[in-house]
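Report on the following structure.
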Amino acid sequence: MAPKLPDSVEELRAAGNQSFRNGQYAEASALYGRALQLLQARGSADPEEESVLYSNRAACHLKDGNCTDCIKDCTSMTRALMDSLGPEWRLKLPSVPVVPVSAQKRWNSMPSENHKETVKSKSKETTTTKSRVPSAGDVERAKVLKEEGNELVKKGNHKKAIEKYSESLLFSNLESATYSNRALCHLILKQYKEAVKDCSEALKLDGKNVKAFYRRAQAYKALKDYKSSLADISSLLQIEPRNGPAQKLRQEVNQSLK
């Protein structure tokens with residue numbers, strides 16, 4: 001029997017807090033969103049509760065690298081605080097504790113040791129993020145962002161498309177096409193080294209990604225690394241022997257070698 005879903009604002013917020021503590025930020029964000037919908041459906045204003053939920057969801061977006069939605073929620077949180085505390089809401093918030101001068105001096109006296117610990121901590125956090133298996137919510141969000149990137153490519157806005165693909169990869173970096181699509185944008189913007197990197201990542205995930213082989217071959221050609229370009233074209237033609245663009249690119253690379 002499936003567990004009963006929380007059905008009150010307080011229960012949803014508590015469940016969201018637990019998911020956040022567990023590192024399940026997409027799930028926590030969805031729970032806070034559900035709580036906000038329930039709160040707004042009541043019809044009675046509760047700006048204080050609303051501001052807390054917006055703040056919590058903003059923290060989820062920040063953890064997942066979703067800056068756009070983080071800013072939106074922070075703006076909504078500010079509006080809710082103004083409704084609750086008035087125009088001078090900042091003055092009514094608890095003061096931020098000041099770090100004692102003695103503690104600052106101790107920190108400054110041991111910079112190298114503390115720096116090493118900070119680097120270790122950040123490195124560990126990055127590794128955890130990379131190794132974390134994306135949730136169903138993460139995968140769905142990544143898919144939506146990738147499609148938004150594809151639409152921007154159709155409109156010729158390749159810089160913005162790169163941002164969307166990059167945001168998509170923050171949620172889930174397991175789809176080969178997202179890397180090869182971003183590589184296309186890098187190619188068009190003449191960012192050839194970045195294109196090579198993205199195609200290599202795409203091929204790690206899918207060794208038969210024809211677009212990744214072709215785009216990396218194009219990037220290598222632009223970088224005058226003709227040997228690597230021909231190697232990628234050869235790999236592509238083993239998968240699709242009659243691929244016309246690849247055959248044409250091979251002729252161009254061979255021409256450059258003469």
Side-chain angles (χ1 to χ4, degrees), residues 1-99 117-118 120-146 148 164 166-175:
M1 186 175 177
K4 183 177 177 291
L5 290 172
D7 55 4
S8 73
V9 172
E10 294 75 17
E11 288 175 346
L12 284 163
R13 175 158 53 82
N17 293 347
Q18 186 58 51
S19 294
F20 187 92
R21 283 192 288 270
N22 294 339
Q24 298 167 319
Y25 306 121
E27 184 178 306
S29 175
L31 287 163
Y32 294 137
R34 234 179 280 165
L36 279 164
Q37 288 174 353
L38 190 58
L39 187 68
Q40 289 155 3
R42 283 179 181 174
S44 57
D46 189 349
E48 192 172 339
E49 178 71 41
E50 195 176 2
S51 68
V52 169
L53 289 168
Y54 277 123
S55 174
N56 290 1
R57 192 169 68 176
C60 297
H61 293 319
L62 190 62
K63 284 284 188 181
D64 277 330
N66 184 357
C67 299
T68 302
D69 286 340
C70 178
I71 291 169
K72 284 180 184 176
D73 275 353
C74 286
T75 304
S76 298
M77 176 195 70
T78 302
R79 194 180 303 119
L81 284 168
M82 286 183 69
D83 291 342
S84 176
L85 303 174
E88 311 234 332
W89 61 271
R90 285 187 180 85
L91 301 176
K92 298 176 184 178
L93 294 175
S95 59
V96 178
V98 178
V99 179
E117 289 301 316
T118 304
K120 282 182 184 177
S121 174
K122 286 187 176 180
S123 176
K124 185 178 179 182
E125 185 180 338
T126 303
T127 304
T128 304
T129 303
K130 284 186 176 180
S131 61
R132 182 170 67 86
V133 177
S135 67
D138 290 336
V139 172
E140 186 58 34
R141 180 66 177 152
K143 183 179 177 182
V144 169
L145 287 163
K146 187 189 82 169
E148 289 177 9
K164 286 293 180 184
S166 300
E167 197 176 343
S168 172
L169 290 166
L170 285 171
F171 283 94
S172 174
N173 59 355
L174 303 178
E175 190 170 347

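Throughout, residue positions are numbered sequentially from 1 according to the sequence presented. Worth knowing before you read on, the calculation uses all heavy atoms, side chains too, and leaves out hydrogens, waters and symmetry mates.
The shortest distance between side-chain heavy atoms of Leu31 and Phe20 does not fall below 4.5 Å. With contacts defined as side-chain heavy-atom distances shorter than 4.5 Å, the pair Glu11/Leu38 does not qualify. Side-chain contact between Leu145 and Asn66 is absent, with no heavy-atom pair separated by less than 4.5 Å. Put simply, the side chain of Gln24 does not reach to within 4.5 Å of the side chain of Gln18, judged on heavy atoms.
For the atom pair OG1 (Thr68) and NZ (Lys164), the distance works out to 5.5 Å, reported to the nearest 0.5 Å. How far OG of Ser172 is from CD of Glu140: 11.0 Å, rounded to the nearest 0.5 Å. Atom NZ in Lys72 sits 12.5 Å away from atom SG in Cys67 (nearest 0.5 Å).
Scored by the side-chain hydrogen bond (donor to acceptor under 3.5 Å, both in side chains) test, Ser55 finds no partners at all (sequence neighbours excluded).
For the side-chain contact (heavy atoms from CB on, under 4.5 Å) criterion with Arg57, the lone passing option out of Asp69, Leu62, Val52, Asp73 is Asp73.
Distance alone, capped at 3.5 Å, is enough to place a donor-acceptor pair between the Ser19 side chain and the Ala15 backbone. Under the 3.5 Å distance criterion, the side-chain polar atoms of Tyr32 are matched with a main-chain donor or acceptor of Asn17.
For Val9 against Ala35, the heavy-atom pair with the smallest separation is CG2-O, 3.8 Å. Counting all heavy atoms, side chain and backbone alike, Ala142 lies closest to Ser168 at O-OG, 2.7 Å.
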